[in-house]
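The next block holds one structure in the form of structure tokens; read it before the comments.
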Number of protein chains: 2
Amino acid sequence: MQATALRADTHIAPVAGHIGGRVQLTSTLDLPGFNMTFARGEEVFGEEEPADFVYKVLSGAVRTTRILSDGRRQIGGFHLAGDVFGLELNGAHRFSAEAVVDAEIALVRRSAIDRACERDSAAARELWNLTSRDLERLQDHMVLLGRKSALERVASFLLDMSRRAPCGQAVDLPMSRTDIADYLGLTIETVSRTLSQMERDHMIALPTARHILLCDRRGLANLDA
Amino acid sequence: MQATALRADTHIAPVAGHIGGRVQLTSTLDLPGFNMTFARGEEVFGEEEPADFVYKVLSGAVRTTRILSDGRRQIGGFHLAGDVFGLELNGAHRFSAEAVVDAEIALVRRSAIDRACERDSAAARELWNLTSRDLERLQDHMVLLGRKSALERVASFLLDMSRRAPCGQAVDLPMSRTDIADYLGLTIETVSRTLSQMERDHMIALPTARHILLCDRRGLANLDA
DNA sequence: CGTTGCATTGAAATCCCTCAAGCGAGGTGG
DNA sequence: CCACCTCGCTTGAGGGATTTCAATGCAACG
């Protein structure tokens, strides 16, 4: 068990009145587990820590990050309500995970996962599917990082967020500009300037920094290449 | 079955004298399949084609690519002898695959894979592991594309190639500068200039364009951040 | 020996980054 | 209640790494 989970026992919330709770990991996969809450900025797990748990976001948002020796940071992904993260086959985490905002997270032991896979090939397939979807998302993101302009990256990000956290015509961003920059391989200034540019071009409106109205989805989609 | 496989029947080589050959997909996974040869530049499968086969490189090299609407290209990865590629869970390929040089490739039907997973949870786990390793490689590559300089990218690439295709102190590159550029998110000119720079700094030697001697691994590793 | 394809090199341009300042919302304490 | 601070965001000016455009080199091949 990682240090974080051990220390943070005050965060553990019993699930629905049972001592031993259940976690609905995917639509067809229900396993024993428990819930925890993490405050904004708090670490869920660290890079290179043993991957003894799998996590599912119940509310809030989580980012996975890797830090280079000189402090440069790359965010691997944002995980919103319903997303599973931290599923590693080979022992240790390769990114660290932190709460972007206060978050409620369900935990399932790796050992429980492994047992489920042993006896149920459908469960194994379901979990393999989670890894596979992660891979597909990463492939898209790789193209974005390798070949797209700042404008295209931000447009792509806004459309992705609006698909994942629908809020009518708008998007409510849980993360800071710095987070967005480190996710898109840009600087905070470039992200800010690009958003301002989009606002001048009437593609979006920015009532507040974290609340963005997508006025011209068509235009944004065109930018998405 | 995709068009490529159908059309290219002249390429099919019977395996070791049997009609129905076997393919050693991983060290513990032996499945029915057959071999094909692909000429330099030939397409193994196309983006969005149904993923009815899984592939293993026996000799040569393969690249997986995605092309944006305006022609920009991102190479997802290079697959060398022993590597498995084209393993998709969800129906269709999301990249196309082409032979970088003449390549001999083993094919296994998805249906055979699925059957193996049904009856053998160890096989399922082994295949899940392949996906998981792909994911890990992509995570590293994402950090490279998002946050590393041209010098760091090329150094990282050279070390990776020398680890995967060991050739003493040297590396024999099967791919062109254009391929390297599209893999590293750079231009061909930047790749060339960076290699020249490394040669001036006595970190590498370039007897020929595709044969590179790593004179200063320590120095390259330092660049790898 | 010309052609062809790939690689290298140079010069100029560009996109994004760096550095720096200003702005505004939210919280705290006097 | 307001001054003040902090933090995150925006904006500007200048610079730099990489791209773009263009020309040359070079090896393989017919």
Side-chain angles (χ1 to χ4, degrees), chain A residues 39-41 61 63 68 70-75 100-102 144-155 157-158 171-201 204-212 223 225, chain B residues 39-41 63 68 70-74 100-102 144-155 157-158 171-201 204-212 223 225:
Chain A
R40 195 169 103 91
R63 62 177 175 250
L68 299 184
D70 63 352
R72 280 174 290 180
R73 187 177 73 153
Q74 177 66 40
I75 291 186
V100 173
V101 292
D102 293 353
L144 179 146
L145 292 174
R147 285 295 175 227
K148 294 191 181 177
S149 70
L151 204 61
E152 291 167 334
R153 291 179 201 207
V154 173
F157 173 73
L158 291 177
V171 188
D172 263 309
L173 300 176
M175 72 289 286
S176 69
R177 295 290 188 268
T178 305
D179 283 341
I180 299 172
D182 286 345
Y183 178 58
L184 298 180
L186 300 170
T187 60
I188 174 177
E189 294 94 334
T190 299
V191 171
S192 183
R193 270 188 264 267
T194 303
L195 288 170
S196 300
Q197 179 65 46
M198 286 175 168
E199 190 177 31
R200 271 193 299 278
D201 296 346
I204 63 172
L206 289 157
T208 75
R210 305 269 182 119
H211 187 76
I212 303 182
L223 284 179
Chain B
R40 196 169 103 92
R63 63 176 174 252
L68 299 184
D70 64 351
R72 280 175 290 180
R73 186 177 73 151
Q74 177 67 41
V100 173
V101 293
D102 294 353
L144 179 146
L145 293 173
R147 286 293 176 228
K148 293 191 181 176
S149 70
L151 204 62
E152 289 167 336
R153 291 180 202 206
V154 174
F157 173 74
L158 291 177
V171 188
D172 263 309
L173 300 177
M175 70 291 287
S176 69
R177 296 288 189 267
T178 304
D179 283 342
I180 299 172
D182 286 346
Y183 178 58
L184 298 180
L186 300 169
T187 61
I188 173 176
E189 294 94 334
T190 299
V191 170
S192 183
R193 271 188 263 268
T194 304
L195 288 170
S196 299
Q197 178 65 46
M198 285 175 168
E199 190 178 31
R200 272 194 299 278
D201 295 347
I204 63 172
L206 289 158
T208 76
R210 306 264 183 125
H211 187 77
I212 303 182
L223 284 180

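As the structure is a computational prediction, the values presented were derived from the model and not from experiment.
In the set C/dT8, D/dC9, C/dA7, C/dA7 carries the atom at the smallest distance from any side-chain atom of B/Arg210.
No contact: A/Arg153 has no heavy atom under 4.0 Å from any strand. Looking at heavy-atom distances under 4.0 Å, B/Leu195 makes no contact with the nucleic acid at all. Nucleic acid contact class of B/Ser149 (heavy atoms, under 4.0 Å, all strands): sugar-phosphate only.
Distance check, rounded to the nearest 0.5 Å: CZ of B/Arg210 to CE of B/Met175 gives 8.5 Å. The CD1 atom of B/Ile212 sits 4.5 Å away from the CG atom of B/Leu173 when rounded to the nearest 0.5 Å. Atom CD1 of A/Ile204 is separated from atom CD of A/Gln197 by 10.0 Å, given to the nearest 0.5 angstrom. Interatomic distance, CD of B/Glu199 versus OG1 of B/Thr194, reported as 13.0 Å (0.5 Å rounding).
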Check against side-chain contact (heavy atoms from CB on, under 4.5 Å), A/Val191 and A/Thr187: CA-CA 6 Å; A/Val191 171; A/Thr187 60; over 6 Å; no

A/Leu145/B/Gln74 under side-chain contact (heavy atoms from CB on, under 4.5 Å): CA gap, chis, key distance, verdict: CA-CA 10 Å; A/Leu145 292 174; B/Gln74 177 67 41; over 6 Å; no

With 3.5 Å as the limit, what N/O pairs link the protein to nucleotides 11-13 of chain D?
residue : atom : partner  : partner atom : Å
D/dT11  : OP2  : A/Ser196 : OG           : 2.4
D/dG12  : N7   : A/Arg193 : NH1          : 2.7
D/dG12  : O6   : A/Arg193 : NH2          : 3.4

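Straight-line distance from the CZ atom of A/Arg40 to the P atom of D/dT6: 17 Å, rounded to whole Å. Summarising the geometry, the separation between CD1 on B/Ile180 and P on C/dC6 is reported as 13 Å, rounded to the nearest angstrom. Rounded to whole Å, the distance from CE on A/Met175 to C1' on D/dC9 is 16 Å. Look at CG on A/Leu151: it is 13 Å from C1' on C/dC16, rounded to the nearest Å. Per the geometry, CZ belonging to A/Arg147 stands 7 Å off P belonging to D/dT19, to the nearest Å. Atom CG in A/Asp182 sits roughly 14 Å away from atom C1' in D/dG8 (whole-Å rounding). Taking atom CZ of residue A/Arg72 and atom C1' of nucleotide C/dT18, one finds them 15 Å apart after rounding to whole Å. At whole-Å resolution of the value, CD in A/Glu152 and P in C/dC15 are 12 Å apart.
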Side-chain donor-acceptor contacts of residues 179-186 of chain A below 3.5 Å, not counting sequence neighbours, with atom names and distances?
residue  : atom : partner  : partner atom : Å
A/Asp179 : OD1  : A/Arg63  : NH1          : 3.4
A/Asp179 : OD1  : A/Arg73  : NH2          : 2.7
A/Asp179 : OD2  : A/Arg63  : NH1          : 3.0
A/Asp182 : OD1  : B/Arg147 : NH2          : 2.8
A/Asp182 : OD2  : A/Arg73  : NE           : 2.6
A/Asp182 : OD2  : A/Arg73  : NH2          : 3.0

